[in-house]
Amino acid sequence: MSATAFPGCFLLVEGSSDSRFFRPRVSSSDCEIVICGAKPLVIDATKSANRGVAKTLGVVDDDFDRALGVSHETSDLVSTDTHDIETLLLSSRALEKVVNEFVVTTTLTDFCTSNACDIRTALLRRATPFGQYRLINAIHQLNVPFAASFSPWKYLDPTSWTLDVGRLQADFAASARLNAADVGELVQRLPAIPPWNLVQGHDAISILAIAFRGVLRAKPCPSEDELSASLRLAFEDIYFQSTDLCLGIKQWEARKAAQVLGYSVS
């Protein structure tokens, strides 16, 4: 129905935050963004649309697809380089730009000195256990409800930004109907994957927001939604141009342009 009223292309995304990421990067006169609501819906809708509308591109989060050896990518579907759009933002220089905007330089310097690492490394250390348990959950299909039960706000002390690893492990083990020793063994057996493919974006945003409220004493202190918005604004086009996601989109555009002009692109 949309195709009959709109002559341009359609970009199918999972959620509203994905839409806000792409909105300044597409021409509204040439491309309409469609929020599908979930990854399977993007995949199915892209397949269905391109049976009759050969101008629809879907973008999905990688999640743990690469780690699990799963590929949803087709000529009309691309996925993020990292776990999701949020980790794509956090893995870039946008993180430092946002931290420097909200955190006093001396506070940040003192934190990095006392922890002997930069803010990105500190964030990854705290987000990694959540990612490990999420991956275990996905590999073994344990159906542990992370979104409902495992908010980082339950496990991190804002004052010290210390993660209660023992409590997190115990709660995960109980929810998965395993004992703590079994969980520890499963962690050791996890495949080695890049840290930003292991860490889930919303977990990392929450963890960073906790640091801003506590140990980093951000002023003003942004909410998680405000923090996500700030990261999107700080994510420069030059960062996006260097991603495989951007390359995949450009290759799709080239193929579609070639089809219109009557020749093929390999």
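- Shown here are the salt bridge (charged side-chain N to carboxylate O under 4.0 Å, His left out) partners of D84, two or more places apart in sequence or in another chain: there are none.
- F235 and F21 have tilted rings, their planes meeting at an angle from 30° to 60° on a 0 to 90° scale.
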Side-chain atoms of residues 188-199: list all donor-acceptor pairs with protein atoms under 3.5 Å, sequence neighbours left out, distances to 0.1 Å.
{"residue": "N197", "atom": "ND2", "partner": "D81", "partner atom": "O", "Å": "2.9"}

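- When the side chains of ILVMFWY residues are joined at heavy-atom separations under 4.5 Å, either directly or via intervening members, V98 and L233 end up in two distinct hydrophobic clusters.
- A distance-only check finds no donor-acceptor pair linking the side chain of T121 to the backbone of C117 [under 3.5 Å].
- The list of salt bridge (Lys or Arg N to Asp or Glu O under 4.0 Å) pairs with a residue in residues 139-148, not counting sequence neighbours, is empty.
- Among residues at least two apart or in separate chains, salt bridge (Lys or Arg N to Asp or Glu O under 4.0 Å) pairs with a member in residues 217-242 are R25-D237, K97-E236.
- Interatomic distance, H202 NE2 to T87 OG1, rounded to the nearest 0.5 Å: 9.5 Å.
- To the nearest 0.5 Å, atom NZ of residue K47 and atom CG of residue L77 are 8.5 Å apart.
- By the salt bridge (charged side-chain N to carboxylate O under 4.0 Å, His left out) test, R20 pairs with no residue at all, sequence neighbours left out.
- Hydrophobic clustering (side-chain heavy atoms under 4.5 Å, transitive across Ile, Leu, Val, Met, Phe, Trp, Tyr) groups I238 together with L88.
- Separating the CG atom in D118 from the CG atom in L95 is a distance of 8.5 Å, to the nearest 0.5 Å.
- Within the 3.5 Å criterion, the main-chain N or O of E14 finds no donor-acceptor partner in the side chain of K39.
- In this structure, S114 contributes its side chain and D110 its backbone to a donor-acceptor pair below 3.5 Å.
- Sorted by first and then second residue, the pairs that involve residues 119-138 and meet salt bridge (Lys or Arg N to Asp or Glu O under 4.0 Å), not counting sequence neighbours, are E96-R120, R134-D203.
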Step-by-step side-chain contact (heavy atoms from CB on, under 4.5 Å) determination, D157 to D164: CA-CA 8 Å; D157 174 20; D164 191 339; over 6 Å; no

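- Checking side-chain atoms of S92 against main-chain N and O of L89 turns up a donor-acceptor pair under 3.5 Å.
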